[in-house]
Q: 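This is the structure I want to talk about, given as structure tokens.
Only this structure's heavy atoms are used, side chains among them; waters, hydrogens and symmetry mates stay out. Chain letters run A, B, ... following the sequence lines, proteins first and then strands; every chain starts at 1.
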Amino acid sequence: MLERYNPGAIEEKWQKIWQEKQVFRVKAEPGKPKYYLLEMFPYPSGRIHMGHVRNYSIGDVVARFKTLQGFNVLHPMGWDAFGMPAENAAIQHDIHPNIWTRENIDNMRKQLKRMGLSYDWDREFATCDPEYYRWEQLIFLRMLEKGLAYKKSSSVNWCPDCQTVLANEQVEDSCCWRCGNEVEEKELEQWFFKITGYAQELLDEMANLGGWPDPVLTMQRNWIGRSVGCEIDFPIENGDASIRVFTTRQDTLFGATFMSLAPEHPMAMALTTDDRREEVEAFVRKVRKMDKIARTADDYEKEGVFTGSHCINPATGRRIPVFLANFVLMDYGTGAVMAVPSHDQRDFEFARKYDLPLTVVIQPEGEPLDPTTMEEAWTGSGTLVNSGPFDGLDNEKAKEKIAEWLKEQGIGTATVNYRLRDWGVSRQRYWGTPIPVIYCDCCGIVPVPEEQLPVVLPTDVEFTGEGGSPLARIESFVNVDCPKCGAPARRETDTFDTFVESSWYFARFASPKNDQAPVDPEEVGYWLPVDQYIGGIEHAVMHLLYARFYTKVMRDLGFVPANLSEPFTNLLTQGMVCMETVACPEHGWLYPEEVDNGTCGKCGAPVTTGRTEKMSKSKKNVVDPDHLIATYGADTARLFSLFAAPPEKDLEWNEQGVEGCYRFLNRVWRAVSDNIELIRTAGPVTGGAVEGAARDLRRKTHETIKKVTEDIDGRFHFNTAIAAVMELVNAIYAFEGRKEHPEVLREALESVVRLLSPFVPHISAELWSCLGHEQSLEETGWPQWDEDALVADEILIVVQVNGKVRGKLTVPAGADHAEIEKRALAEPNVARFVEGKTVRKVIVVPGKLVNVVAN
RNA sequence: GCGAGAGUGGCGGAACUGGUAGACGCACUGGAUUUAGGAUCCAGCGGCCCGUGCCGUGGGGGUUCGAGUCCCCCCUCUCGCACCA
């Protein structure tokens, strides 16, 4: 055995052995319990970052642990390979997105392999492989047949200068990131997925997601935003039509004193009278000029314009003015809101601004509301007034009664509305999955026949960043014969949102090479659902909701078994990796390696240390995993990212902490190498015969096995599991019975190695082999604790007086309440604090403490 | 703005169901070893008084024999908000 720990050599050695023996290659084995562990696959940006190191280290611990527990573990890896950065690289550096992406994947695969992760690499794929996206196109065609995919008009960010669509992140302060000109809103015909059709099921099935963190479920529930209310028709004065509103507050119907429409509302222009036209059009133009972000996200000023028309409040029969308002969204409800300024704060502010009347219809208990002096809307509960036949009803009761009345009168119905909108999947970009439809002047929208799939992305493209989608300029791609009538037709040039690829990749991993269907139903039946999914909290809503939706769609289309409704049984959301920022007054943000002992490496000026923030290239507070691994080895990199914080919390990177982990591994190495001769011939521990220090070490060993097992399984508290092993190692160093009881020492050392193996697999494998084992750790399995070894003779009891610690006692393990109470009261320090007082109560918590209450 | 979290020594964190606040690690201090440095080993390490004690988990209130943990109000920070992935 080598005297010194040499991570570089042993890591290379064991990675080679694992690869040659195909240790992590799995196949379905009906009858053997399976465990599907999945980490969110990475976007191939070029290099792995610390967030990846952390994510994949966490996943690998669980995968290896479950393997050791005897499960058939599926642990795959792939690439979320479509997306904007590849296209940006093409624009900026004149490199083809495919080449850029493939090179990045090759590099990142190498980096991941260097970490010793237990992936079944045979299942690897990239979403930009035509063999993958052809099945995505097929699923889309089936969705189209079922009406789950459809086209409608929707707005995008448009840069009039570059003549191109911009993503929200490409809009900076309402301006285009490339040219700096102002961004506008523009209407385009786009593809949508009917996720709203699944809104209720997505809500209902959260009841089965007990393995998900509550915050994520809450965020999804709020995102779906179910609300129960009524749709009510307000007839237009002097016309046949009416305006339909959605409201959750039908109890305030009698207080509706005006109407607000979204500026895009289809009736907006028809309702505008000639004398108002100029002003209304100016207002609509102004709202349109705002980009989408400013309009939906910011607390911008509420504004509106009067159309000149009136409609009739169907409850009161009174005529009320119709306004357009910038805060009314066409995407939510019906795009029209009955305004009740007395009981809605936005309507209240709007009414005060434009001098519109208020009617109080809900009277809270206490002082009466006066519409002329109210300073804010009353949104609480109360009794109905000014509401005709409903006066005197409690407002919650009135919601039901008014809903019934609306139905009887034929002017409204009770409905459920969702905040969730259908998923817009069209992107006017090149580097994505082509949407497989053809537009024919005679036949309209024609699906690409299934036997013609995949519609492959053409490669001869020019990237300028201007003039819309590059695909639209490739005539050989665009021009096609109509599959129905044969006449000249045009291909769809939009591509899918990359969230589509990541909505079903987890199912593809069950049968990644299947060339007959998106997935093999038998393989999916065995492997899915994913037992444990691990990824960043930033995906709490969108990715995870889309993946849930897609699973249900694939189920309903018959691609996956009918009982597979949810993709991920358990979810772990990990925190971010952060590091302190450092800046030079002259040179701005500095990389850690540019800082030389508190001064700037470029100019020597003293640097300032800024806040600790999420690692990002722009702030230069990043650590390169390659460098870290080259210096300390993969095991140390893994150990630190697991030890420094529990997985769900943010992790603060700290170089000295890394060294501490490296030191610990050296300490483990020495504990084995220093004792290797002594324990070489030691036999197994044969029962509870040992006493004293040896018995204590045995107890510590088995306590540690129990704690580590419980910390990993379900709780994912790897930091405390590692701390427990550190304690055991400390106990081994302090053990004084090594000569007399080498078998106890051997048991402790072997336990350390086995317990560490999911965290630091290379050093564990090497030490295990040094300890003389022919059988690998994978074959040996996870250690079991011995309940008998855990039994202690004596227990430490804390004694409090009025909740403050005043003493400690050691009592026999079997001592009863009366005896413990007696001994506690006999403690000299207890007597001192009780003196002059009367003991009122003595609380005994078994095995823990005694609290004497006296006053 | 809306939605969801977090706040504990000099630092990262521990305390799982209310029961010894600070496990484990880092940094720091002292000692041993060493030609020296490094590495290693041993000891100490919340604050105040340094004797018993008193104070202490972002701030303020409350419930309880007992609160880091439960309830109410406030402050600060982080994440998501539908074309980033």
Q: Between Asp214(A) and Leu217(A), does the side chain to side chain contact (heavy atoms under 4.5 Å, CB included) criterion hold? Intermediate values first, please.
A: CA-CA 5 Å; Asp214(A) 285 333; Leu217(A) 294 177; 4.3 Å; yes

Q: OP1 or OP2 of G25(B) less than 4.0 angstrom from a side-chain nitrogen or oxygen of Asn719(A), does that happen here?
A: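 No, no such contact exists.
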
Q: Do Phe643(A) and Phe718(A) have their ring centres less than 6.0 Å from each other?
A: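 When the ring centroids of Phe643(A) and Phe718(A) are compared, they turn out to be at least 6.0 Å apart.
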
Q: In the structure shown, which nucleotide is the Watson-Crick or G-U wobble counterpart of G5(B), with both distances under 3.5 Å?
A: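 Looking at the geometry, G5(B) pairs with C77(B).
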
Q: Which is true for Gly424(A) with a 4.0 Å heavy-atom rule: it touches a base, it touches only sugar-phosphate, or it touches nothing?
A: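 Sugar-phosphate: the residue Gly424(A), judged by heavy atoms under 4.0 Å, touches backbone atoms but no base.
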
Q: Now, which nucleotide makes the Watson-Crick or G-U wobble pair with C83(B), with each of the two distances under 3.5 Å?
A: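 C83(B) is unpaired by these criteria.
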
Q: Rounded to whole angstrom units, what separation is found between the CZ atom of Arg47(A) and the C1' atom of A85(B)?
A: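 Atom CZ in Arg47(A) sits about 19 Å away from atom C1' in A85(B).
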
Q: What's the closest nucleotide to the Tyr43(A) side chain, out of C24(B), A85(B), C65(B)?
A: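 Nearest nucleotide to the side chain: A85(B).
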
Q: Looking at every strand, decide which applies to Met40(A) at a 4.0 Å heavy-atom threshold: base, sugar-phosphate, or nothing.
A: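 No contact at all - Met40(A) keeps every heavy atom at 4.0 Å or more from the nucleic acid.
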
Q: Any Lys/Arg nitrogen of Lys700(A) or Glu727(A) sitting under 4.0 Å from an Asp/Glu carboxylate oxygen of the other?
A: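 Between Glu727(A) and Lys700(A) there is a salt bridge, with a charged N closer than 4.0 Å to a carboxylate O.
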
Q: Give me the distances for all protein-to-nucleotides 48-55 of chain B N/O pairs that come in under 3.5 Å?
A:
| unit_1 | atom_1 | unit_2 | atom_2 | d |
| --- | --- | --- | --- | --- |
| U52(B) | O2' | Arg832(A) | NH1 | 3.4 |
| U52(B) | O2' | Arg832(A) | NH2 | 2.6 |
| G53(B) | OP1 | Asn829(A) | ND2 | 3.1 |
| C54(B) | OP1 | Arg806(A) | NH2 | 3.4 |
| C54(B) | OP2 | Arg806(A) | NH1 | 3.2 |
| C55(B) | OP2 | Lys804(A) | NZ | 3.3 |

Q: Have a look at Gln190(A) and say if it touches a base, only the backbone sugar-phosphate, or nothing, with a 4.0 Å heavy-atom cut-off.
A: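 Here Gln190(A) touches the bases of the nucleic acid.
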
Q: Check whether any side-chain heavy atom of Val183(A) lies under 4.5 Å from a side-chain heavy atom of Trp158(A), and answer yes or no.
A: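 SC-SC contact between Val183(A) and Trp158(A) ruled out.
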
Q: With the side chain of Met542(A) defined as its heavy atoms from C-beta on, choose the nearest nucleotide among A14(B), G5(B), C81(B).
A: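 Within the option list, the nearest is C81(B).
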
Q: What contact category does Glu710(A) fall into here, base, sugar-phosphate, or nothing, at under 4.0 angstrom with non-hydrogen atoms?
A: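 No contact.
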
Q: Parallel, tilted or perpendicular: which fits the ring planes of His543(A) and Phe499(A), with parallel below 30° and perpendicular above 60°?
A: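 Judged by the thresholds at 30° and 60°, the geometry between His543(A) and Phe499(A) is parallel.
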
Q: Could you work out which one of C83(B), A82(B), A15(B) sits closest to the side chain of Arg427(A)?
A: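 Per side-chain heavy atoms of Arg427(A), the pick is C83(B).
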
Q: Trp504(A) and Phe549(A): aromatic ring centres closer than 6.0 Å?
A: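 When the ring centroids of Trp504(A) and Phe549(A) are compared, they turn out to be at least 6.0 Å apart.
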
Q: Contact class for Ala644(A) vs. all strands (heavy atom < 4.0 Å): base, sugar-phosphate, or nothing?
A: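 Ala644(A): backbone/sugar contact only, no base atoms under 4.0 Å.
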
Q: Rounded to whole angstrom, note down the C1' distance from A21(B) over to G13(B).
A: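 Those two atoms are separated by 13 Å.
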
Q: Between the protein and nucleotides 26-30 of chain B, are there any N/O to N/O pairs under 3.5 Å, and if so, what are the atom names and distances?
A:
| unit_1 | atom_1 | unit_2 | atom_2 | d |
| --- | --- | --- | --- | --- |
| C26(B) | OP1 | Arg663(A) | NE | 3.3 |
| C26(B) | OP1 | Arg663(A) | NH2 | 2.7 |
| A27(B) | OP2 | Arg663(A) | NH2 | 3.2 |

Q: For Trp223(A), answer base if it contacts any base atom (sugar-phosphate contacts may also be present), sugar-phosphate if it contacts only those atoms, and nothing otherwise; contact means non-hydrogen atoms under 4.0 Å.
A: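 Here Trp223(A) touches the bases of the nucleic acid.
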
Q: With respect to the side chain of Thr720(A), which nucleotide from U20(B), A15(B), C24(B) is positioned closest?
A: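 Nearest listed nucleotide: A15(B).
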
Q: Considering every strand and a 4.0 Å limit on heavy-atom distances, what is the contact class for Ser45(A): base, sugar-phosphate, or nothing?
A: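 It contacts nothing in the nucleic acid.
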
Q: Could you tell me whether Arg715(A) contacts a base, only the sugar-phosphate backbone, or nothing, with contacts defined as non-hydrogen atoms closer than 4.0 Å?
A: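 Arg715(A): base contact, heavy atoms under 4.0 Å.
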
Q: With both distances under 3.5 Å as the test, what is the Watson-Crick or G-U wobble partner of G22(B)?
A: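 Pairing partner: none.
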
Q: Please report the distance separating the P of G22(B) from the corresponding atom of A67(B), rounded so that it comes out in whole Å.
A: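 16 Å, rounded to whole Å.
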
Q: Expressed in angstrom and rounded to an integer, what is the separation of Arg4(A) atom CZ from U40(B) atom P?
A: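 Rounded to the whole Å, the gap is 10 Å.
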
Q: So, Phe640(A) versus Tyr662(A), ring centres under 6.0 angstrom or not?
A: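 No.
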
Q: Measure from the side chain of Glu538(A), starting at C-beta and using heavy atoms only, and say which of A4(B), A23(B), C79(B) lies closest.
A: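 Among the listed nucleotides, the one closest to the side chain of Glu538(A) is C79(B).
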
Q: Does Trp191(A) have its ring centroid less than 6.0 Å away from the ring centroid of Tyr150(A)?
A: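 Not under 6.0 Å, so no.
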
Q: Classify the nucleic acid contact of Asp80(A) as base, sugar-phosphate or nothing, counting any heavy atom under 4.0 Å across all strands shown.
A: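 Here Asp80(A) touches the backbone only, sparing every base.
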
Q: Can you name the salt bridge (Lys or Arg N to Asp or Glu O under 4.0 Å) partners of Glu659(A), sequence neighbours left out?
A: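 In terms of salt bridge (Lys or Arg N to Asp or Glu O under 4.0 Å), with neighbours along the sequence ignored, Glu659(A) is linked to no residue.
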
Q: Looking at Arg429(A) and C83(B), is any side-chain donor or acceptor paired with a base atom of the opposite kind under 3.5 Å?
A: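 Between C83(B) and Arg429(A), which were checked side chain against base, a qualifying N/O pair under 3.5 Å is present.
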
Q: Applying a 4.0 Å non-hydrogen cut-off, can you work out what Asn666(A) is touching in the nucleic acid: base, sugar-phosphate, or nothing?
A: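 Nothing, no heavy atom under 4.0 Å.
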
Q: Looking at A4(B), I'd like to know if its phosphate oxygens (OP1 or OP2) sit under 4.0 Å from a side-chain N or O belonging to Thr218(A).
A: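 It does not, given that no N or O in the side chain of Thr218(A) lies less than 4.0 Å from OP1 or OP2 of A4(B).
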
Q: Which whole-number value in Å describes the distance from Trp191(A) CH2 to C83(B) C1'?
A: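 Trp191(A) atom CH2 is separated from C83(B) atom C1' by 18 Å.
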
Q: Counting only side-chain N and O atoms of Asn730(A), is one of them less than 4.0 Å from OP1 or OP2 of G25(B)?
A: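 Checking Asn730(A) against G25(B): at least one side-chain N or O falls below 4.0 Å of OP1 or OP2.
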
Q: For Lys649(A) and A4(B), what is the distance between atoms NZ and P respectively, to the nearest whole Å?
A: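 In whole Å, A4(B) P and Lys649(A) NZ are 20 Å from each other.
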
